[in-house]
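Take this structure, written in structure tokens, and hold onto it; I'll ask about it next.
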Amino acid sequence: MRIAFVIGSSKGLGAAVVKKLLEEEYEVIGFSRTEAQEEIQKHPSFTHVSFDASHVANRQILFSNALASITVSIVTEMLFIYNAALIDPVGKLGTLEKGNVTFSHLFEVNVVAPLELSNLFIQFVQPLTLSKRMLFVTSGVALKPISGWSGYSSSKAGLNMLVQSIAQEQMDESLPVLVAGFNPGIMDTTMQESIRHYTEDQFPSVARFKHFHKSGKLRPATTVACSLIHCLQNPTFPNGQIVHVNDNL
């Protein structure tokens, strides 16, 4: 049996990844605030966990319960895919209204939750003699700042460092957990749709992102999902690296 934990599984890239994994006969446990599309929700190999990555009080409990439900003696592979993310608040620092500044919420989802769930996953799988791989969906803005996205860019840079830190810590383990970051590039998702609705004052590059959409430069989430899964299944897994969607197409 092959099992995949997908955090942020109900929409966009997450939903496309879940569909592809189910096609390849994985047992998938999807964590998201909303239910998946009907065809996924009704699939016999899919289990949905109602989960909000920003909820500090119960996210570790919910994830631990999902891990405890696994009969490890029949499992040959375990995947951990962290896809949940927030982009708001958007706007130049110094211009955001006090009541709209929710950077703590953003960092809970984009950085703190991945740290906590990584700790739980690694603790669970460390002694197991099976294939165990982790992948975090990151972004090119982790390396290149964009005006108005200071919170999002900073959080994704933190996620990149988490990938590198896990790889470093696992070097001396006899049964290491492998890990990589995955930059999906620009793709056609609800996040991209919301980006196009920002004002130029909030996000000076909004015209450029509107052009991506109008000119057909946004990749379908299904294409990106195939690249992501190819990365996870690659015999020469890019451990400790941040890879781009183009590397596995």
Side-chain angles (χ1 to χ4, degrees), residues 7-17 32-34 52-56 59 81-116 135-165 180-221 223-225 227-228 242-247:
I7 296 89
S9 60
S10 64
K11 299 175 183 177
L13 177 59
V17 166
S32 60
R33 290 176 297 171
T34 57
D52 188 330
S54 70
H55 285 183
V56 179
R59 64 190 173 208
I81 302 165
Y82 195 91
N83 175 61
L86 294 178
I87 192 169
D88 287 320
V90 169
K92 295 179 183 179
L93 295 181
T95 68
L96 298 170
E97 294 294 329
K98 184 177 180 181
N100 295 328
V101 178
T102 53
F103 288 119
S104 58
H105 192 226
L106 179 148
F107 271 80
E108 284 292 341
V109 174
N110 294 9
V111 181
V112 183
L115 279 162
E116 292 181 352
L135 187 142
F136 296 85
V137 178
T138 181
S139 171
V141 301
L143 302 175
K144 181 180 180 181
I146 292 181
S147 180
W149 281 7
S150 57
Y152 185 66
S153 298
S154 300
S155 67
K156 289 299 185 179
L159 199 62
N160 283 5
M161 183 53 68
L162 173 58
V163 168
Q164 295 165 13
S165 296
F182 180 83
N183 176 0
I186 51 173
M187 57 181 168
D188 195 8
T189 63
T190 53
M191 181 179 282
Q192 277 286 332
E193 185 177 348
S194 67
I195 287 169
R196 295 193 295 273
H197 285 89
Y198 291 125
T199 66
E200 196 167 321
D201 287 340
Q202 288 176 296
F203 181 41
S205 299
V206 66
R208 180 166 162 249
F209 279 72
K210 288 179 179 179
H211 177 71
F212 290 154
H213 179 247
K214 289 180 180 179
S215 60
K217 292 184 178 180
L218 301 179
R219 280 197 180 94
T223 301
V224 179
S227 173
L228 185 152
I242 310 299
V243 302
H244 191 275
V245 57
N246 292 343
D247 298 336

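Values reported hereafter were calculated over all heavy atoms of this structure, with side chains retained and with hydrogens, waters and symmetry mates removed.
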Minimum heavy-atom distance between Asp52 and Ser54, given as atom pair plus value:
OD1-OG, 2.7 Å
Is there side-chain contact between Val224 and Phe182, with heavy atoms separated by less than 4.5 Å?
yes
Pairs meeting criterion salt bridge (Lys or Arg N to Asp or Glu O under 4.0 Å) with involvement of residues 81-91, two or more places apart:
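Residue pairs passing salt bridge (Lys or Arg N to Asp or Glu O under 4.0 Å), neighbours aside: none found.
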Asn183 to Gly185 - nearest heavy-atom pair and separation:
OD1-N, 2.9 Å
Please examine the side chains of Leu106 and Pro89, heavy atoms only from C-beta on, and report whether any two atoms are closer than 4.5 Å.
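Yes. Closest side-chain heavy atoms under 4.5 Å.
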Any side-chain heavy-atom pair from Thr138 and Val163 closer than 4.5 angstrom?
no
Any donor-acceptor pair under 3.5 Å from Asn110 side chain to Leu86 backbone:
yes
Is there side-chain contact between Met161 and Val111, with heavy atoms separated by less than 4.5 Å?
no
Just verifying a value: how many Å separate Ile242 CD1 and Ser139 OG, rounded to the nearest 0.5 Å?
11.0 Å
Heavy atoms only: give me the nearest Ser10-Ser32 pair and the separation to one decimal.
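Minimum heavy-atom contact is CB-OG, 3.5 Å.
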d(Ser154 OG, Leu159 CG) to nearest 0.5 Å is 12.5 Å
Could you give all pairs that pass the salt bridge (Lys or Arg N to Asp or Glu O under 4.0 Å) test and reach residues 103-114, with sequence neighbours left out?
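Found Arg59-Glu108.
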Mind listing the closest non-hydrogen atom pair of Val90 and Ile87 along with its distance?
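Nearest pair, atom of Val90 first, then Ile87: CG2-O, 3.6 Å.
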Can you name the residues that form a side chain to side chain contact (heavy atoms under 4.5 Å, CB included) with Asn83, not counting sequence neighbours?
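For Asn83 the side chain to side chain contact (heavy atoms under 4.5 Å, CB included) partners, ignoring immediate neighbours, are Leu13, Val137.
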Which atom names give the shortest non-hydrogen contact between Ala84 and Tyr82, and what distance separates them?
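Heavy atoms of Ala84 and Tyr82 come nearest at O-CE2, 3.2 Å.
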Where Phe103 and Gly151 come nearest, the two heavy atoms and their spacing
CE2-CA, 3.8 Å
